[in-house]
Each structure stands twice: as structure tokens, then as C-alpha cells.
Number of protein chains: 2
Amino acid sequence: MLKVDMDTKVKFLHGFSHKTRIQILECIKNNEKTVTQIIEDIRSSQSSISQHLACLKGCGLVVGRQEGKYVYYSLRNQKVRELLTMFDDVLEDVENDVACCENHIS
Amino acid sequence: MLKVDMDTKVKFLHGFSHKTRIQILECIKNNEKTVTQIIEDIRSSQSSISQHLACLKGCGLVVGRQEGKYVYYSLRNQKVRELLTMFDDVLEDVENDVACCENHIS
DNA sequence: ATAACATATTAGAAATACCTAATGTGATTA
DNA sequence: TAATCACATTAGGTATTTCTAATATGTTAT
């Protein structure tokens, strides 16, 4: 197991730190989708979705492939998919305690 | 597999969205530590560490137990530990691409 | 009881992230 | 080639998060 650079890890995990981004990840978890499809699925603006997709790409979580005028986004690889599954797994356990806490850091 | 509430998931994942919090999690990954020990390990102020610990507790990632005047913090459970390990695992794969991306969403 | 230690909390300033609105770019269709 | 469609980018206002500095709380030792 190689040592992973901390700043890289911070950047990577930043990808999961916003509701819209999490929704995007779940939305494309099982099959790739175009930006338009993602916009339809998630209730948010084109610009916002596009910016979050750029973020997710930068974080290394998703990849996009262009096909004609469409861009198809999908999870980067199987491991990212497993990670998303694992979140649900861990959360089943944690759910009750998290639910009753209302504040972030401040 | 139960369905996990989205807002709960967002709150949970928020725990991983700051360098100091990630450092704390790694710092206590293998054994519980007092706040003072954590402060010594991570270069940050007492107040900041304490606030981040409260955040992590609220996110359901860590638990604290008081013993005399000390409070020992540790990961909530084995699954959270596995999650941290999995981050490293996924990152080995992603590292190069993340490293060459400099911006967050903006 | 007083002092010292460990930790938590608060308030407000500073930094960062996010959204909206507008514009830009590249591909396809007419 | 002009128009349209799909998507990306930018700028700047707004909201949220984080840090610092100060103070509070609870525990142990003197």
C-alpha cells in the first residue's frame, strides 16, 4: 500500500462534500449519463451542475467522454462505485446518531 | 440494504471535507487519543481541534469517552476504519489525475 | 477552597464555497 | 452559413465555513 499524499486526499474527499455532487454521483452510479440527463434528474441549474461536474472530474471521481455534441459522465472506476456503496453500508449503522445532530462545525 | 436518507448522508460525508478533520481521523485510526495528544500530533490550535472534534462527533464518525479530566476520542466503529482504509485504496489509483487538478468548484 | 489542567463554547472577523446570470465554445442541423 | 443545441466558463454577489481570541466548564491536585 503506497503512501497517499495528504493534499491529494483532501482534494479527493472534497468531491463528496456537497449535496449536489453526491446526487450526481448516485445519479451516474450505475450507468453513464449526459449532462442534460443529469440536469433532468437533479433539480438544479445547468451552470451549477456543470460546475459541480468539473469539480468531480478534478477530484478524480468521474470521467467524461464526448460523443458528438453530448458529453457522457460516469464514475471513474469500480472502486469509486464500491466506495459509494460502502457509504450506504456504514450509514445504516450510524444513521440514528447523525440524524439527531443539527450543526456542522459552527 | 435499507434506504439511507440523503440529508443524513450529506451530513456524514461533511465530516471528511476538511484537512484537519481528515488528519484527526487518521490520527486516531488505530487507537484512541486524548484531545491533547491529537493537538500535539496535528499542528493546529486547541480551539480549532475541539471544534472539529465536535463536528466529527456530530457527523457520526467519532466517539468520545471521558476518563477523569481527559476525553479519549476514537473512530466510531470498525466500518469507519475500513472506510478510511478504502480511501487510500481508491486514491492509489486516482492519485495522478487528482494531483494535476488545481481548482475546486470555483 | 484555590490553583492548575483538560476540554468546550462563543462571538465575530476572515476565508472559502456556491449560486445566478450572462456569455463563450464547439458540434450538429437546416 | 446561420441557427440551434449541449455544455463550459466567468464574474460577482451571497451564504457558509473556518479561524482566532476570549471565556466558560469540569476535573484533579495542593
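Quick note on labels: first sequence line is chain A, next is B, and so on, each numbered from 1.
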Side chain of B:Thr20 - closest among D:dA22, D:dC19, D:dC7: D:dC19
Atom pair distance, as rounded to whole Å: CD in B:Gln66 and P in D:dT25: 15 Å
Pair B:Gln51, B:Ser47: side-chain N/O donor-acceptor within cut-off below 3.5 Å: yes
Given C:dA21, C:dT7, D:dC7, the nucleotide with the shortest approach to the side chain of B:Val35: C:dT7
Sugar-phosphate only, base, or nothing, as touched by A:Gln46 at under 4.0 Å among non-hydrogen atoms: base
DNA chain D: 5'-proximal contact among B:Ser17 and A:Thr36 (nearest heavy atom): A:Thr36
Any B:Val10 side-chain heavy atom under 4.5 Å of B:Met6 side chain: yes
N or O in side chain of A:Tyr73 less than 4.0 angstrom from D:dA8 OP1/OP2: yes
Rounded interatomic separation in angstrom, taking CG from A:Leu56 and P from D:dC7: 16 Å
Touch class at under 4.0 angstrom, heavy-atom based, for B:Ser44 against every strand present: nothing
Any A:Ser45 side-chain nitrogen or oxygen under 4.0 Å from OP1 or OP2 of C:dT20: yes
For atom OH of B:Tyr70 and atom C1' of C:dA6, their distance in whole Å: 7 Å
Phosphate OP1/OP2 of D:dC19: any B:Ser48 side-chain N/O under 4.0 Å: yes
Whole angstrom value for the distance that separates P of C:dA8 from NE2 of B:His52: 14 Å
Touch class at under 4.0 angstrom, heavy-atom based, for B:Tyr72 against every strand present: nothing
Nearest-angstrom distance from the residue atom CD of A:Glu40 to P of D:dC5: 14 Å
Side chain B:Ser47 and base D:dA21 donor-acceptor under 3.5 Å: yes
Residue-phosphate contact under 4.0 Å: A:His18 side-chain N/O, C:dC19 OP1/OP2: yes
Euclidean distance, atom CD of residue A:Gln51 to atom C1' of D:dA11 [Å, nearest integer]: 11 Å
Polar side-chain atom of B:Arg21 near backbone of B:His14 as donor-acceptor pair, under 3.5 Å: yes
Whole-Å gap separating P (D:dA6) and NZ (A:Lys69): 5 Å
Candidates C:dT20, D:dC7, C:dA17 - which lies nearest the side chain of A:His14: C:dA17
Check against side chain to side chain donor-acceptor pair (under 3.5 Å), B:Lys29 and B:Thr85: CA-CA 9 Å; B:Lys29 186 181 178 191; B:Thr85 300; 2.9 Å; yes
Spacing of B:Glu67 atom CD relative to C:dT7 atom C1', expressed in whole Å: 15 Å
Parallel, tilted or perpendicular: ring planes of B:Phe12 versus B:Phe16, cut at 30 and 60 degrees: perpendicular
